[in-house]
Amino acid sequence: MSLTNLDWPLMRNNITREDLDRVITHLSQPEPRLTHGERVRGFEHEWSDWLGVKYSVLVNSGASANLLTLALLREQRAGGEVILPPLGWVSDVAAVLQNGFTPVFVDVDRRTLGIDPQQVIDRITPHTRAVLAIHILGYNALTTELIAELDRRGIALLEDACESHGATLHGRKVGSLGLVSNFSFYFAHHMSTIEGGMICTNDPGVYETARMLRSHGMVREATSAELRRSYRDKHPDLNPDFIFAFPAYNVRPTEISGVLGSSQLRRLDANNEIRRRNLTRFLAGLDPARYQTDFAVEGSCNYAFTLVLRKPDMTLRDRVEAALSSSNVEFRRGLSGGGNQLRQPYLRQILGDEECEKYPVVDHVHFFGCYIGNYPGLEAEKIAQLTTMLNAL
Ligand SMILES: Cc1ncc(COP(=O)(O)O)c(C=O)c1O
């Protein structure tokens with residue numbers, strides 16, 4: 001086994017000197033605005049244009065975007081079931097629970113790592129309010145057939161695209177396919193505002209509610225003068241500046257996030273092209289007898305390589321992890337969010353110890369999958385060294 005020091009972190013140079021200089025320029029103004037304002041609005045518009053949606057609302061994290069999305073759903077159709085996979089992030093499940101919905105889990109498709117469309121259809125009941133599709137590590141989770149079927153049945157499609165900026169379904173960007181979508185701009189993702197998240201939609205009502213929920217539920221945050229007036233007229237006993245429509249949150253960003261987001265977005269497409277090339281190299285270099293290489297790469301856009309053993313094999317898993325560690329390659333077992341959420345204490349205490357075993361594909365990646373960083377500056381030579389090393393284990 002090679003013990004070469006590959007010096008390969010999960011992410012490198014995601015926030016550049018150029019980005020920081022733009023922050024410094026902003027701060028160097030005589031009286032720079034720091035709480036959210038023009039620069040946040042500017043980034044939201046640019047992001048909507050890039051994604052192909054009408055509206056975007058910047059918040060302080062991807063988890064906050066999840067929370068507000070399920071809160072929005074609660075305001076539209078309270079109570080009932082939300083179908084989602086147990087592979088994603090704790091905040092997907094937490095947002096469902098915290099807003100009074102019952103999570104209904106389905107397994108994932110091994111090639112997309114996203115919800116298995118047939119299982120989603122099979123689990124729909126009269127109580128289903130929404131499907132939360134999570135696009136895992138840059139692979140699109142949706143099919144046009146599933147989108148059409150949910151639409152026909154009047155079930156809301158929510159997309160968590162926190163790990164999939166720039167991935168597409170038949171040329172349409174994920175995050176523009178459902179009623180509401182979420183992105184994360186945490187450091188290790190495709191682009192970063194240090195911490196940050198985005199809620200995106202084409203629905204003006206969803207947009208206005210998201211703006212209010214972001215800021216204490218305050219009506220003055222709505223952009224529609226008519227909406228503000230209707231609240232004012234209905235509540236003449238209240239100071240119009242302090243009308244709280246919802247019991248909500250403060251998950252606002254700062255202007256610095258807006259400056260960073262706009263600066264980062266300029267490089268996103270070019271960086272994503274490099275990431276696609278890197279992933280192709282990585283999967284082509286792996287031995288398909290040992291590792292899964294047939295992921296649904298068409299339209300994918302990953303910030304991390306998915307390394308999944310072809311078969312359950314603890315000995316090989318341990319050898320892979322030891323080799324990665326000794327070569328100084330950072331990795332995370334379980335793919336997204338540490339793997340099968342149903343194995344986590346917060347869900348075991350609700351659903352018991354056996355529920356986690358009902359989702360074999362998720363359980364396989366939980367034990368035999370990990371991800372490795374895929375950042376723009378990653379050298380082709382390192383990818384070749386890594387795959388050669390992995391194939392020799
Ligand atoms: C699928 C998914 N959803 C939500 C989140 C939460 O995003 P954040 O870390 O910005 O809160 C993450 C975090 O990485 C994620 O991977």
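Residues take their numbers from the sequence shown, with the count starting at 1.
- Taking 4.5 Å as the limit, every side-chain heavy atom of Leu68 sits out of range of all side-chain heavy atoms of Val180.
- Here the closest heavy-atom approach between residue Leu73 and residue Ala130 is recorded as CD2-CB, 3.6 Å.
- Salt bridge Asp203/Lys54: absent, no basic N to carboxylate O contact under 4.0 Å.
- Here the side chains of Leu6 and Leu386 are in contact, with some heavy-atom distance below 4.5 Å.
- Inter-residue side-chain proximity for Leu150 and Ile155 is flagged as met; some heavy-atom pair is nearer than 4.5 Å.
- In this structure, Glu38 does not pair ionically with Arg41, as no charged nitrogen and carboxylate oxygen lie closer than 4.0 Å.
- Residues satisfying the side chain to side chain donor-acceptor pair (under 3.5 Å) criterion with Glu149, sequence neighbours excluded, are Arg152, Arg153.
- In this structure, Arg22 does not pair ionically with Glu255, as no charged nitrogen and carboxylate oxygen lie closer than 4.0 Å.
- Tyr249 has its side chain within reach of Val251: a pair of non-hydrogen atoms, C-beta onward, lies under 4.5 Å apart.
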Query raised in the report: Going through the distances and angles, do Leu347 and Phe105 end up as a side-chain contact (heavy atoms from CB on, under 4.5 Å)?
Result: CA-CA 12 Å; Leu347 270 182; Phe105 292 98; 3.9 Å; yes

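- For the side chain to side chain donor-acceptor pair (under 3.5 Å) test, no residue two or more places apart in sequence or in another chain qualifies with Glu221.
- Atom CG of Asp241 and atom CZ of Arg228 lie 10.5 Å apart (nearest 0.5 Å).
- Considering only residues two or more places apart in sequence or on other chains, His36 meets the ring-ring contact (aromatic ring centres under 6.0 Å, His included) condition with none of them.
- Between Gln29 and the choices His26, Arg33, Glu31, the side-chain hydrogen bond (donor to acceptor under 3.5 Å, both in side chains) rule is met once, by His26.
- For the atom pair CG of Asp92 and CD of Gln341, the computed distance is 8.0 Å after rounding to the nearest 0.5 Å.
- Side-chain atoms of Asn340 and Leu87, non-hydrogen and from C-beta on, never get closer than 4.5 Å to each other.
- Ile24 belongs to no hydrophobic cluster with other residues, because no ILVMFWY side-chain heavy atom falls under 4.5 Å from its own, directly or through intermediates.
- Residues Pro117 and Glu145 form no side-chain contact, since every pair of their non-hydrogen atoms from C-beta on lies 4.5 Å or further apart.
- Alongside Phe244, the hydrophobic cluster contains Met218, Phe242 (criterion: ILVMFWY side chains under 4.5 Å).
- A donor-acceptor pair shorter than 3.5 Å can be found between the side chains of Ser262 and Glu46.
- Atom CD of Glu357 has more than 12 neighbouring heavy atoms from other residues, nucleotides or ligands inside a 6.0 Å radius.
- Of all heavy-atom pairs spanning Gly62 and Cys162, the tightest one is CA-SG, 4.0 Å.
- Looking at Asp21 and Arg17, a side-chain N of the basic residue comes within less than 4.0 Å of a carboxylate O on the acidic one, giving a salt bridge.
- Atom CG of Asp287 sits about 9.5 Å away from atom CZ of Arg310, to the nearest 0.5 Å.
- Tyr291 is listed as a side-chain neighbour of Asn391, based on a closest heavy-atom distance under 4.5 Å.
- The CD1 atom of Ile383 lies 8.5 Å from the CZ atom of Phe282; values are rounded to the nearest 0.5 Å.
- Counting only residues at least two apart or on different chains, the ring pair (Phe, Tyr, Trp, His ring centres under 6.0 Å) pairs with a member in residues 106-156 are Tyr139-Phe295.
- Hydrophobic clustering, defined by side-chain heavy atoms of Ile, Leu, Val, Met, Phe, Trp and Tyr closer than 4.5 Å, groups Leu51 together with Val40, Phe43, Trp47, Trp50, Val53, Leu58, Phe183, Phe185, Met191, Met198, Leu265, Leu268.
- Two different hydrophobic clusters hold Leu177 and Leu158 under the rule that ILVMFWY side chains link at heavy-atom gaps under 4.5 Å.
- Closest heavy-atom contact between Leu283 and Thr293: O-CG2, 3.5 Å.
- Residue pairs meeting the salt bridge (Lys or Arg N to Asp or Glu O under 4.0 Å) criterion with at least one partner in residues 104-130, sequence neighbours excluded, are Arg110-Asp294.
- Every ring-ring contact (aromatic ring centres under 6.0 Å, His included) that Tyr55 has, sequence neighbours left out, goes to Tyr207.
- For the atom pair CG of Asn302 and CG of Leu137, the computed distance is 6.5 Å after rounding to the nearest 0.5 Å.
- The cluster map of Ile, Leu, Val, Met, Phe, Trp and Tyr, joined by side-chain heavy atoms under 4.5 Å apart, puts Val361 and Leu146 in different clusters.
- Going from atom CZ of Arg348 over to atom CG of Leu342 covers 9.0 Å, rounded to the nearest 0.5 Å.
- Between Ile115 and Ala133 the shortest heavy-atom distance is CD1-CB, 3.7 Å.
- With respect to the salt-bridge test (charged N to carboxylate O, under 4.0 angstrom), the residues Glu18 and Arg267 qualify.
- Residues meeting the side chain to side chain donor-acceptor pair (under 3.5 Å) test with His364, sequence neighbours left out: none.
- For Tyr303, the ring-ring contact (aromatic ring centres under 6.0 Å, His included) partners at least two apart in sequence or on another chain are His189, His190.
- With a 4.5 Å cut-off on side-chain heavy atoms, Leu34 and Leu27 count as touching.
- Qualifying side chain to side chain donor-acceptor pair (under 3.5 Å) partners for Glu330, counting only residues two or more places apart in sequence or in other chains: Arg332.
- Counting all heavy atoms, side chain and backbone alike, Gly178 lies closest to Glu159 at N-OE2, 3.0 Å.
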